[in-house]
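Below: the structure, in structure tokens.
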Amino acid sequence: MTVKVAIDLALDRLFDYSVSPELQKKLSIGQLLLIPFGHRNARGFAMAISNEPYKGDVKLKQVIEIIDEKPFFSPELLKLVKLISAYTAAPLESVLKAAVPAAVLKKNMRPKELLYVECDEKANSADYEKLTKRQKWLYEQIVRLDGGWLNKLAEELETSPQTIKALQKAKLVKVYARQFRRDPMAGRKFLPTKPLQLNDVQSSALESINSSTLPVLLFGVTGSGKTEVYLQAIAAELEKGRTAIVMVPEISLTPQTMRRFAQRFGDKVALLHSALSDGERYDEWHRIRNGEAKVVVGPRSAVFAPLSNLGLIVVDEEHESSYKQEEMPRYNARDVAVLRGSIEGAKVVLGSATPSLESWVNVENGKYNLVRMSKRAGAGTTPAVGLVDISSGESGIFSKQLLDAISDRLDRHEQTILLINRRGYSKSMMCSSCGVTLECPSCSVPYTYHKVDSCLRCHICGKWCLVPQKCPECGANDFDMKGLGIQKAEAALKKCFPRANILRMDSDSVSRKFSHDDILGAFARGEADILIGTQMVAKGLDFPNVTLVGVLNADASLNQPDFRAAERTFQLLSQVAGRAGRAELSGEAIFQTRDPNARAIRLAAKADYEGFASEELAERREWGFPPYYHLSVISLSSKDIKLVAAWAEMYAKSLESFAKGKDMMVGEATPSILEKADGNYRWQIVLRAKRPALLSSSWKWLKSIRPNPSQLRVTFDMDAHNMM
Ligand code: ADP
Ligand code: ZN
């Protein structure tokens, strides 16, 4: 018997090993093995087992040990991993590695054990009588509490662990090491919730999900009650003895979201997200693999959760770009969910108020079933949206309409959310005499000015410096702020409403003093009248007292050199408008814009997704962009500017020869939008084809005929989202 093993070395090949008769009985695919590799031992996953005699000429080395007899990957998951590797042209090992949390594969990670105290069944009254008075009391308390963790008991009973251990000597209790679950939700109380009575729209959505053999695109406006539909669809699967995965974008993994699942399903829920400690992640993953957890909630990597008997995968906010992994393997977890569903015979539900155009076209093609939920479920109405044209530049940061609306809310003690659309580089510094912009020397992006500590920071590499006294180009000392900075807007707002309480949320305020949740918690408790922030404020939040949403610069994200700019702007504006009027109070949104006729702005204001989709798709089709073509980006980077340019041009030429006669377009080699990052010069080539396999095979072919020199880094991004 021989076994093919994938070793964590990104060599993109499998290695053959022989198996001793003793291990043969226990070996199965998906297991983690210890094998000799070169002069050391390595770990790797068993990918395929063969009973044929080995025909190669070298003598095979033997598997040393099966590290864990329980497979890490079911045969279905292995199949999934192989398909992702082929599709994204990423080495198999890199996909295997992405599919298991690093904490689980760490060599020194173990289950945690703590001492546990249990009453000894064989305790008899003679032993009891021998105790001191104080010990008798202690023992009775332990009986009352029915045992517990030694240290916690000692603390609770205001005694020392030693004193409790003495009761063991007296044969009244047993103290032993027991596995302790590192629970990410420990210490939080969750009041269980019962299923809500579904309204007609929800019931028919649930029915369609339950009866659909295709993935379902659940197109439901914000607040239409999609989450309740997910919960009941999951409950139906659990009842049949099956399991479920719920994927949410990392940013909306707020306690609010987790709570809704934990309240309904209690201990059956496992959480996998980036804020977990290694120990928590290790335990959660093992609870999933052991079958203790039946519902997994997490961001994109949750799609690989080792659940067996999978019945349902939900991808909430399916249009979010955070489902696309931006490092190898560059998979899109939404697409992986659909693939896993088809391999395992599980239902798939993709939910969104603004579906990705990819999914919308899949409905038109008959690959997905469309289910609509067009009304809000609970109280609340869709907000009215007003467009304010600020192209004349006379109104400053805040238009009169917006100021009046805010002032109204302050009078009525209602809350306002203000969004600064920050895409592109907005608060850079420019010399007003020569016009030069202060840039990071290692990256080709303008420095961003931060008022708190008056310094300039690079948002790519983190380098910072103080604002220079003189312009490095012309020596003048008059700098001007370009674009709209959030701190500047906050200051202006304070001037207009000196008595209002204002909270700011952006990546600075979040990472430094407070967490995301602290700020949102304070806002939810009504500790502020106005929340001003970047894109972060737009997502997944639900505040009943918010009745006004203002966007200061709705068009700022439109002028990105990215074919998805309009789609992203439309999604953002729709989402942020949906924040207003979630409860009894009716809501209003105001978009300030320099370009009120832009498609994304005009149609987001009318909440017309379908109108937007049809206009935008007509253009995508005409220009040959996704979803009609698959698009991938080959990126090259190097410290050596000449090398990177020469190789980019050579690669483009080779690819053109590959594409000749095929339905494939090869763009010219160009410097990337982000020309320089962290001291590396960057170039890119954009490839497009209707058949995705053509793109990955062109890349594999390219690498095989012209392996790149080591000073040059080259990556391939299938179905790229990031065009920078
Ligand atoms: P979505 O996920 O579509 O944005 P939610 O599931 O958050 O919508 O639902 C919006 C609000 O409506 C929530 O406060 C929720 O509790 C409430 N809701 C949902 N379904 C029902 C129902 N059947 N009856 C009453 N209230 C509901
Ligand atoms: Zn930099």
Side-chain angles (χ1 to χ4, degrees), residues 68-70 101 103-104 106-194 238 243 255 258-273 275-297 306-307 517:
D68 189 343
E69 278 187 35
K70 215 178 269 167
V104 170
K106 272 196 186 156
K107 279 193 189 129
N108 49 5
M109 285 298 289
R110 302 265 176 286
K112 182 171 179 167
E113 292 198 332
L114 290 178
L115 291 177
Y116 193 82
V117 183
E118 217 173 71
C119 299
D120 197 331
E121 297 138 27
K122 287 183 298 213
N124 59 46
S125 51
D127 290 331
Y128 177 77
E129 289 310 329
K130 283 184 216 145
L131 301 179
T132 65
K133 198 166 155 215
R134 165 85 184 151
Q135 281 181 317
K136 280 180 184 159
W137 176 84
L138 203 57
Y139 174 66
E140 271 145 29
Q141 297 309 307
I142 295 172
V143 172
R144 177 177 63 85
L145 295 166
D146 198 18
W149 300 102
L150 177 65
N151 284 330
K152 233 174 137 215
L153 268 182
E155 196 177 305
E156 218 164 304
L157 302 173
E158 295 177 353
T159 181
S160 69
Q162 258 46 47
T163 322
I164 294 177
K165 278 188 182 160
L167 292 175
Q168 184 177 29
K169 279 201 205 90
K171 297 200 196 100
L172 286 158
V173 303
K174 286 187 285 193
V175 180
Y176 60 95
R178 174 163 161 177
Q179 188 177 338
F180 176 81
R181 176 179 165 206
R182 289 160 287 194
D183 179 1
M185 309 267 239
R188 289 191 215 157
K189 284 266 175 292
F190 296 105
L191 295 177
T193 55
K194 287 217 180 65
L238 295 180
T243 59
M258 296 188 280
R259 193 176 301 126
R260 289 178 79 173
F261 290 91
Q263 286 182 315
R264 191 65 59 85
F265 302 116
D267 264 358
K268 291 201 189 86
V269 175
L271 281 180
L272 292 175
H273 66 90
L276 299 192
S277 68
D278 276 359
E280 288 168 343
R281 206 187 303 266
Y282 180 94
D283 286 359
E284 289 294 82
W285 189 86
H286 279 93
R287 271 179 4 99
I288 300 167
R289 194 178 56 155
N290 294 338
E292 276 169 61
K294 309 278 185 201
V295 180
V296 176
V297 183
L307 287 165
D517 298 337

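The model shown is predicted, which means the values in this text are computed figures rather than measured ones. FYI, side chains are in, hydrogens and waters are out, and symmetry mates aren't considered; it's all heavy atoms of this structure.
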I'd like a table of donor-acceptor pairs (distance under 3.5 Å, sequence neighbours excluded) in which one partner is a side-chain atom from residues 107-123, with atom names and distances.
{"residue": "R110", "atom": "NH1", "partner": "K107", "partner atom": "O", "Å": "3.3"}
{"residue": "E118", "atom": "OE2", "partner": "Y176", "partner atom": "OH", "Å": "2.7"}
{"residue": "D120", "atom": "OD1", "partner": "K122", "partner atom": "N", "Å": "3.0"}

**Asked** How would you list, by chain and number, every residue that makes a salt bridge (charged side-chain N to carboxylate O under 4.0 Å, His left out) with E129, sequence neighbours excluded?
**Response** K136
**Message:** T132: which residues meet the side chain to side chain contact (heavy atoms under 4.5 Å, CB included) condition with it, sequence neighbours left out?
**Reply:** R134, Q135
**Request:** Check whether any side-chain heavy atom of Q263 sits under 4.5 Å from a side-chain heavy atom of P192, and report yes or no.
**Result:** no
**Complete:** Scanning both residues in full, the closest heavy-atom pair of A103 with D278 reads CB-O, 3.5 Å
Please list every donor-acceptor pair under 3.5 Å in which a side-chain atom of residues 139-152 meets a protein atom from a residue at least two apart or in another chain.
{"residue": "E140", "atom": "OE2", "partner": "Y128", "partner atom": "OH", "Å": "2.1"}
{"residue": "Q141", "atom": "OE1", "partner": "R144", "partner atom": "NE", "Å": "2.9"}
{"residue": "Q141", "atom": "OE1", "partner": "R144", "partner atom": "NH2", "Å": "2.8"}

**Message:** Salt bridge or not between D283 and R182? Use side-chain N to carboxylate O under 4.0 Å.
**Reply:** yes
**Asked** Any side chain to side chain donor-acceptor pair (under 3.5 Å) pairs touching residues 158-170, not counting sequence neighbours?
**Response** T159-T163, S160-T163
Would you be so kind as to tabulate the donor-acceptor pairs closer than 3.5 Å made by side chains of residues 287-295, with sequence neighbours excluded?
{"residue": "R287", "atom": "NE", "partner": "E284", "partner atom": "OE1", "Å": "3.1"}
{"residue": "R287", "atom": "NH1", "partner": "D267", "partner atom": "O", "Å": "3.1"}
{"residue": "R287", "atom": "NH2", "partner": "D267", "partner atom": "O", "Å": "3.4"}
{"residue": "R287", "atom": "NH2", "partner": "V269", "partner atom": "O", "Å": "2.7"}
{"residue": "R289", "atom": "NH1", "partner": "D68", "partner atom": "OD2", "Å": "3.3"}
{"residue": "R289", "atom": "NH1", "partner": "K70", "partner atom": "O", "Å": "2.8"}
{"residue": "R289", "atom": "NH2", "partner": "D68", "partner atom": "OD2", "Å": "2.8"}
{"residue": "N290", "atom": "OD1", "partner": "K70", "partner atom": "NZ", "Å": "3.0"}
{"residue": "N290", "atom": "ND2", "partner": "H286", "partner atom": "O", "Å": "3.0"}
{"residue": "K294", "atom": "NZ", "partner": "G291", "partner atom": "O", "Å": "3.1"}

**Request:** Give a yes or no on whether the backbone of H273 and the side-chain of R281 come within a donor-acceptor separation of less than 3.5 Å.
**Result:** yes
**Asked** Heavy-atom distance under 4.5 Å between the side chains of P101 and Y282, does that happen here?
**Response** no
**Message:** To the nearest 0.5 Å, what is the distance between CG on L157 and CH2 on W137?
**Reply:** 5.0 Å
**Prompt:** When rounded to the nearest 0.5 angstrom, what distance separates CZ in R264 from CG in L238?
**Reply:** 11.5 Å
